Amino acid sequence: MGAAAEDAVKQLGLLMDQVEAPLGRSFQNVHQGHPRETMLRFLKAREWNVSKAHKMLVDSLNWRIQNEIDSVLERPIPVDLYRSIRGSQLIGLSGYTKEGLPVFGIGVGQSTYDKASVHYYVQSHIQINEYRDRIILPMLTKKYGRPITTCIKVLDMTGLKLSAMSQMKMLSSISTVDDLNYPEKSETYYIVNVPYIFSACWKVVKPLLQERTKKKVKVLSGCGRDELLQIMDYSSLPHFCRREGSGSSKHSSADVDDCFSPDHPFHKELYGHTTEESSHKELLKMGSLHVSIPDPDPNDAKIVEVIEAEFHKMGGQNGSTNGHKV
């Protein structure tokens, strides 16, 4: 890293030394002993502008305090509802890359978000983020003897349909939470099992993305197995990438190899952790956490508008291309 970047980190560090005590405590929860890496992420997200990165980080810390994010892992979602959420918000930890980065599989095309309120889905998403950042990444950092602060995401587009437009508000809310409070946590986004509808949207969205983001997105052929095996072992592949022709992220709740399943070790450990943490409190806090969703970045809002327009355009056609692969 160049001298200018190091100087930016130093300047931001001096500014963070001056924040009020509550923000300082929340910042410790965020950086988990590695403030430099955290400041680097926020600086990258704001193109190395120190004042903008400082505002972004302070805004994020205030958001954490106002929404009690530092105690979100002490608030288990009722177990039956949690299982329903896992069946409709498809995400899970499938394993690790050869360099030790966590691999998260995400079933974009088959997530329905129709079994709970938006508050529960956002809460569940934030709990996964916080468990990743406070439990998994520090464990990997200790194991490998170097800071590991990011992850890999594999997005399965199987089943993506025009009806997904009804989920745009939900997806936009989750994306905004991530962009403003968990920036630069994903090294690479691998897109697999791509239908025509994604390819059409990607063509119009790609030009709107920042160059830094474009470089992170890799659209793979088929289920992406061969390319992904270059960076991870077979056992770490998400289940929807394990064999050509599977073409599906459909899952069985009893299948522990399915990283979406509530019976997968990752989800059992996460839920067990929140239950254990809540047992230490005098008052068990269950129920949804009403997290305030920050206003999206204007450019991100524009991207959502473009996607919606493309969906409307395709919806006006006869739909004959809907199932074709590219």
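Values in this document were obtained by computation on a predicted structure and should not be read as measured data. All residue numbers in this chain count up from 1 along the given sequence.
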Item to complete: Return the minimal non-hydrogen interatomic distance between Thr150 and Pro102, and the atom names on each side.
Response: O-CD, 3.3 Å

Worksheet entry | Side chains of Ser88 and Tyr121, donor plus acceptor under 3.5 Å | yes

Item to complete: Could you tell me whether the side chains of Ser235 and Asp233 share a donor-acceptor contact shorter than 3.5 Å?
Response: no

Practice prompt. Tell me yes or no: between the side chains of Ser51 and Arg46, is some donor less than 3.5 Å from an acceptor?
Written response: no

Worksheet item: Is a donor on one side and an acceptor on the other found under 3.5 Å between the side chain of Ser111 and the backbone of Leu90?
Response: yes

Discussion item. Closer than 3.5 angstrom, by distance alone: can the side chain of Thr176 be matched with the main-chain N or O of Ser172 as a donor-acceptor pair?
Written reply: yes

Worksheet item: Would you say Thr97's side chain and Met232's backbone share a donor-acceptor pair under 3.5 angstrom?
Response: no

Practice prompt. Please say whether more than 12 non-hydrogen atoms of neighbouring residues, nucleotides or ligands are located less than 6.0 Å from NZ in Lys143.
Written response: no

Worksheet item: Tell me, do Leu180 and Asp59 make a side-chain contact under 4.5 Å, heavy atoms counted?
Response: no

Item to complete: Without swapping roles, check the side chain of Arg134 against the backbone of Asn29 for a donor-acceptor pair under 3.5 Å.
Response: no

Fill in: Candidate pair Lys185 and Asp133, rule salt bridge (Lys or Arg N to Asp or Glu O under 4.0 Å), full reasoning
CA-CA 9 Å; Lys185 293 298 293 191; Asp133 294 351; 3.4 Å; yes

Fill in: Pairwise side-chain contact, Tyr113 with Ile174, heavy-atom cut-off 4.5 Å (strictly under)
yes

Fill in: Worked check of side chain to side chain contact (heavy atoms under 4.5 Å, CB included) between Val19 and Met16
CA-CA 5 Å; Val19 299; Met16 293 308 298; 4.0 Å; yes

Fill in: For Cys241 against Leu228, the heavy-atom pair lying closest together
SG-CD1, 3.7 Å

Discussion item. Can you tell me how far apart CG (Asp258) and CG (Asp263) are? Round to the nearest 0.5 Å.
Written reply: 9.5 Å

Worksheet, complete the sentence: On a heavy-atom basis, the closest approach of Pro138 and Gln32 is CG-OE1, 3.9 Å

Discussion item. Please evaluate residues Arg146 and Glu99 with respect to the criterion salt bridge (Lys or Arg N to Asp or Glu O under 4.0 Å), reporting the C-alpha separation (whole Å), side-chain torsions for both, the decisive distance (0.1 Å), and the verdict.
Written reply: CA-CA 11 Å; Arg146 57 181 171 81; Glu99 295 183 348; 5.7 Å; no

Discussion item. Is it the case that the side chain of Ser261 and the backbone of Asp257 share a donor-acceptor pair, with hydrogens and angles ignored and the cut-off at 3.5 Å?
Written reply: no

Discussion item. Within this structure, what is the CG-CG distance for the pair Leu57 and Leu12, rounded to the nearest 0.5 Å?
Written reply: 6.0 Å

Worksheet entry | Residue pair Asp156 / Pro238, side-chain heavy-atom distance below 4.5 Å | no

Discussion item. Measuring only between side-chain heavy atoms, which start at C-beta, is Phe198 closer than 4.5 Å to Val108?
Written reply: no

Worksheet item: Counting only N and O atoms by type, is there a donor-acceptor contact under 3.5 Å from the side chain of Gln127 to the main-chain atoms of Arg75?
Response: yes

Worksheet item: What's the spacing between Asp80 CG and Lys115 NZ if we round to 0.5 Å?
Response: 13.5 Å

Response to the item:
In this structure, CD1 of Ile136 is separated from OH of Tyr96 (nearest 0.5 Å) by 5.0 Å

Practice prompt. Kindly indicate whether the side chain of Val291, heavy atoms from C-beta on, has any atom under 4.5 Å from the side chain of Trp63.
Written response: yes

Worksheet item: Does any N or O in the side chain of Tyr190 come within less than 3.5 Å of the main-chain N or O of Leu220, such that one atom is a donor and the other an acceptor?
Response: no

Worksheet item: Looking only at heavy atoms, what is the nearest atom pair of Leu229 and Lys98, with distance?
Response: O-NZ, 3.4 Å

Response to the item:
Here the pair of heavy atoms bringing Met56 nearest to Asp179 is CE-O, 3.2 Å

Worksheet item: So among His125, Glu130, Arg41, which one has a side-chain hydrogen bond (donor to acceptor under 3.5 Å, both in side chains) with Tyr182?
Response: Glu130

Item to complete: Over 60° means perpendicular and under 30° means parallel, so classify the ring planes of Phe27 and His31, tilted if in between.
Response: perpendicular

Worksheet item: Could you go step by step and tell me if Trp48 and Leu40 meet the side chain to side chain contact (heavy atoms under 4.5 Å, CB included) rule?
Response: CA-CA 8 Å; Trp48 301 99; Leu40 276 172; 3.6 Å; yes

Worksheet entry | Carboxylate-amine/guanidinium contact Arg212 Glu184, below 4.0 Å | yes

Discussion item. If I take atom NZ from residue Lys214 and atom CG from residue Leu209, how far apart are they, to the nearest 0.5 angstrom?
Written reply: 7.0 Å

Practice prompt. Can you label the angle between the Phe260 ring and the Phe240 ring as parallel, tilted or perpendicular, going by 30° and 60°?
Written response: parallel

Worksheet entry | Candidate list Leu61, Ile69, Asn181, test side chain to side chain contact (heavy atoms under 4.5 Å, CB included), partner Val30, passing option | Leu61

Practice prompt. Group every Ile, Leu, Val, Met, Phe, Trp and Tyr by side-chain heavy-atom contacts under 4.5 Å, then state whether Phe266 and Met139 land in the same group.
Written response: yes

Worksheet, complete the sentence: Gln89 and Ser124 have their tightest heavy-atom pair at OE1-OG, 3.4 Å

Discussion item. Within this structure, what is the CH2-CD1 distance for the pair Trp202 and Ile197, rounded to the nearest 0.5 Å?
Written reply: 15.5 Å

Discussion item. Looking at Ile91, is its backbone amide N or carbonyl O close enough to the side chain of His267 to form a donor-acceptor pair, meaning the two atoms are under 3.5 Å apart?
Written reply: yes

Discussion item. For Ile135, is there any backbone N or O sitting under 3.5 Å from a side-chain donor or acceptor partner on Arg132?
Written reply: no

Fill in: Validation row: Gln210, Glu47 side chains within 4.5 angstrom (heavy atoms)
yes

Practice prompt. Examine distances only and state if a side-chain atom of Asp7 and a backbone atom of Ala3 form a donor-acceptor pair shorter than 3.5 Å.
Written response: no

Worksheet item: With a 4.5 Å limit on heavy-atom distance, are the side chains of Cys259 and His239 in contact?
Response: yes

Item to complete: State, with a plain yes or no, whether a side-chain heavy atom of Ile65 is found less than 4.5 Å away from one of Leu23.
Response: yes

Discussion item. Does Lys55 have more than 12 heavy atoms from other residues, nucleotides or ligands lying within 6.0 Å of its NZ?
Written reply: no

